[in-house]
Chemist: 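One structure follows; several queries about it will come next.
Quick note on labels: first sequence line is chain A, next is B, and so on, each numbered from 1.
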There are 2 protein chains.
Amino acid sequence: MAPETEPGSEPAAQPDTRPEMEIVHLLRAVAVELGLHSARFASRNRMHATDVRALIALMDARRAGEEMTAGRLGAALGLNSAGTTALLDRLEGAGHVRRVRGAADRRKVVVEVEEGAVELGRSFFGPLIERSVELLRGYDDHQLAAIRGFLGGVRQAAAAEQSPAPSPSRSSAPPAGRSPRDT
Amino acid sequence: MAPETEPGSEPAAQPDTRPEMEIVHLLRAVAVELGLHSARFASRNRMHATDVRALIALMDARRAGEEMTAGRLGAALGLNSAGTTALLDRLEGAGHVRRVRGAADRRKVVVEVEEGAVELGRSFFGPLIERSVELLRGYDDHQLAAIRGFLGGVRQAAAAEQSPAPSPSRSSAPPAGRSPRDT
DNA sequence: AGCGAATATCTCGCTCGACGAGATAATAGG
DNA sequence: CCTATTATCTCGTCGAGCGAGATATTCGCT
């Protein structure tokens, strides 16, 4: 039967000592640490987690050359329209973004990141990115392939995990596990 | 002048095309995906992000054979005592944990995870962990060392990052980073 | 053109997680 | 024992995000 490990205490299922677990926990630790890093950036600039996620989404879009509308941003963050409006009010009030009426479709509100916010982000996340690149330079192609493969595999596993309906998955993953959307 | 990339649009600083950036972004994507995975677990079980983090902290402690008190848990999550009490009320109400008065020090409240919650977590995160282990088995020691090294390095970089404590700007930016703690 | 349906965002009222301040209970020290 | 300290809980409040619905703009159909 199950061996007791701590008399007088919980069963405390034995730990799973496979050597691979070390890396699995390490990955989780990195994810947590990156989250805390963002949180630090947030509170340091009087923002909340959502605001930071929004800025990142906006910069990603900018980098990709696409314009980000209020609706798309809200969808990307899993917020409904009311929450999105509140988010934009906050970001705009803080001077991080600017609302611009859509040129083609004037119902839309295109959200543009202020140069200052970009700079703010770069100054905070830049060093971490540089350090990461530096670390990666120390590995050969065989190793880089492993890192890529492992991260890509975990990402897929975490993303695809138990989805009952294997319907056409849009290119950039929908809100996942969430879809408040109104209207 | 900086070369224009998109006429009629923002300056949109050019993308940083270094090949290492692919992995950097991949790591970020994994972190995001793991976060969403937890969020999925949370909403599927009518919990919030904090509740899941709490359960994880509790199970980590359990695995390490330490007992987790209300105070230590709150500190680990960055909650103040009021928030911690509310959190425990929620978790206990949902039947995921149990409050037990400290045996030695009866002021303390030891939080114990119910077996059902452990099972719930295992059934949700288990497959992802198994898949990760499986992926890792496909690499040789040289590659595993790279994965470990990279993740460990990024973790350190994200954790240690800039904390020079410039000047205690009390009233305006108190929570800075972490440790609300009251008392 | 003209009108109703669809779409994009905003406004209002509410819920609930988290905070600050302080109350209560138990322990440790002299 | 009496006081300082520690651990948790209670109470009142703030604010992020939700649901419902209002408003503005565009699209499709006849």
Chemist: Just to be sure I understand the rule, does A:Thr69 reach a base, reach only the sugar-phosphate, or reach nothing, if contact means heavy atoms closer than 4.0 Å?
Modeler: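 Answer is sugar-phosphate: A:Thr69 comes under 4.0 Å of backbone atoms only.
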
Chemist: Which heavy atom in B:Arg40 sits nearest to a heavy atom in A:Ala158, and how many Å separate them?
Modeler: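 Shortest heavy-atom contact: NH2-O, 2.6 Å.
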
Chemist: Out of C:dA8, D:dA20, C:dG20, which has the shortest distance to the side chain of A:Ala82?
Modeler: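 Of the options given, the side chain of A:Ala82 lies nearest D:dA20.
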
Chemist: Strictly below 4.0 Å: does B:Thr84 bring a side-chain N or O up to OP1 or OP2 of D:dT8?
Modeler: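 For D:dT8, OP1/OP2 do not have a side-chain N/O of B:Thr84 under 4.0 Å.
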
Chemist: In this structure, how many angstroms lie between the P atom of C:dC19 and the NE2 atom of A:His48, rounded?
Modeler: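 Whole-Å distance recorded here is 11 Å.
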
Chemist: Is there a salt bridge (charged side-chain N to carboxylate O under 4.0 Å, His left out) between B:Arg122 and B:Glu119 once you walk through the steps?
Modeler: CA-CA 5 Å; B:Arg122 202 193 309 289; B:Glu119 208 38 62; 3.7 Å; yes

Chemist: Determine the contact category for A:Ala49: base if any of its heavy atoms lies under 4.0 Å from a base atom, sugar-phosphate if only primed atoms, P, OP1 or OP2 are that close, otherwise nothing.
Modeler: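 If one applies the 4.0 Å heavy-atom cut-off, A:Ala49 turns out to touch nothing in the nucleic acid.
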
Chemist: Does anything in residues 85-95 of chain B come within less than 4.0 Å of DNA chain D? Heavy atoms only, and list the residues if so.
Modeler: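 Result for residues 85-95 of chain B: B:Thr85, sorted by number.
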
Chemist: Considering only D:dA7, D:dA20, C:dG17, which nucleotide approaches the side chain of A:Ser81 most closely?
Modeler: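 For the A:Ser81 side chain, the nearest candidate turns out to be D:dA20.
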
Chemist: Measure CG/B:Leu77 against P/C:dC19 and give the value in whole Å, please.
Modeler: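 My rounded result for the distance is 10 Å.
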
Chemist: Go nucleotide by nucleotide along DNA chain D from the 5' end; which of A:Ala103 and B:Ala70 gets its closest nucleotide reached first?
Modeler: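 Mapping each residue to its closest nucleotide by heavy atoms, the 5'-most match is B:Ala70.
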
Chemist: Tell me: CZ of B:Arg46 to P of C:dG17, nearest whole Å?
Modeler: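 B:Arg46 atom CZ is separated from C:dG17 atom P by 13 Å.
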
Chemist: For A:Arg101 and A:Gly83, find the nucleotide of DNA chain D closest to each by heavy atoms; which residue's nucleotide sits nearer the 5' end?
Modeler: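 The residue mapped nearer the 5' terminus is A:Gly83.
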
Chemist: Mind calculating the distance between CZ (A:Arg72) and P (C:dT9) to the nearest angstrom?
Modeler: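 Computing the A:Arg72:CZ to C:dT9:P distance gives 10 Å.
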
Chemist: Under the criterion salt bridge (charged side-chain N to carboxylate O under 4.0 Å, His left out), I'd like the reasoning laid out for A:Asp141 against A:Arg148: C-alpha separation, chi angles, the key distance, then a yes or no.
Modeler: CA-CA 10 Å; A:Asp141 289 358; A:Arg148 237 191 315 268; over 6 Å; no

Chemist: In whole angstrom, give the distance that lies between atom NZ of B:Lys108 and atom C1' of D:dC9.
Modeler: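 Spelled out: NZ on B:Lys108 to C1' on D:dC9 is 17 Å.
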
Chemist: It should be established whether A:Asn80 places a side-chain nitrogen or oxygen under 4.0 Å from OP1 or OP2 of nucleotide D:dC18.
Modeler: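 Affirmative; the distance criterion is met.
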
Chemist: Look at the rings of B:His37 and B:Phe125 and say which category their plane angle falls in: under 30° parallel, 30 to 60° tilted, over 60° perpendicular.
Modeler: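 Answer is perpendicular, since the angle exceeds 60°.
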
Chemist: Check for a donor-acceptor pair, side chain of B:Arg98 on one end and backbone N or O of B:Glu112 on the other, with a separation under 3.5 Å.
Modeler: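 A pair under 3.5 Å: no.
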
Chemist: If you measure from the Lys or Arg side-chain nitrogens to the Asp or Glu carboxylate oxygens, is any gap between A:Lys108 and A:Glu67 under 4.0 Å?
Modeler: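 Salt bridge between A:Lys108 and A:Glu67, a charged N being under 4.0 Å from a carboxylate O: no.
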
Chemist: Taking OP1 and OP2 of C:dT9, is either one under 4.0 Å from a side-chain nitrogen or oxygen of A:Arg99?
Modeler: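 A:Arg99 to C:dT9 OP1/OP2: no side-chain N or O under 4.0 Å.
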
Chemist: In whole angstrom, give the distance that lies between atom CZ of B:Arg106 and atom C1' of D:dA7.
Modeler: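 One finds 13 Å between C1' of D:dA7 and CZ of B:Arg106, rounded.
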
Chemist: What nucleotide among C:dC10, C:dT7, D:dC18 has an atom nearest to a side-chain atom of A:Val109?
Modeler: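 So the side chain of A:Val109 is nearest to C:dC10.
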
Chemist: What is the distance from CG of A:Asp51 to P of D:dG15, rounded to the nearest Å?
Modeler: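 Value for this atom pair: 13 Å.
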
Chemist: Between B:Arg28 and A:Asp60 (salt bridge meaning N to carboxylate O under 4.0 Å), is one present in this structure?
Modeler: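 Salt bridge present between B:Arg28 and A:Asp60.
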
Chemist: Measure from the side-chain heavy atoms of B:Arg107 and tell me the nearest of C:dC19, C:dA25, D:dC18.
Modeler: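 In terms of side-chain proximity for B:Arg107, the closest of C:dC19, C:dA25, D:dC18 is C:dA25.
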
Chemist: Walk me through whether B:Glu134 and B:Arg137 qualify under salt bridge (charged side-chain N to carboxylate O under 4.0 Å, His left out).
Modeler: CA-CA 5 Å; B:Glu134 195 179 301; B:Arg137 281 202 213 285; over 6 Å; no

Chemist: Between B:Arg53 (CZ) and C:dG17 (P), how many Å, whole number?
Modeler: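 Going from B:Arg53 (CZ) to C:dG17 (P), I get 15 Å.
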
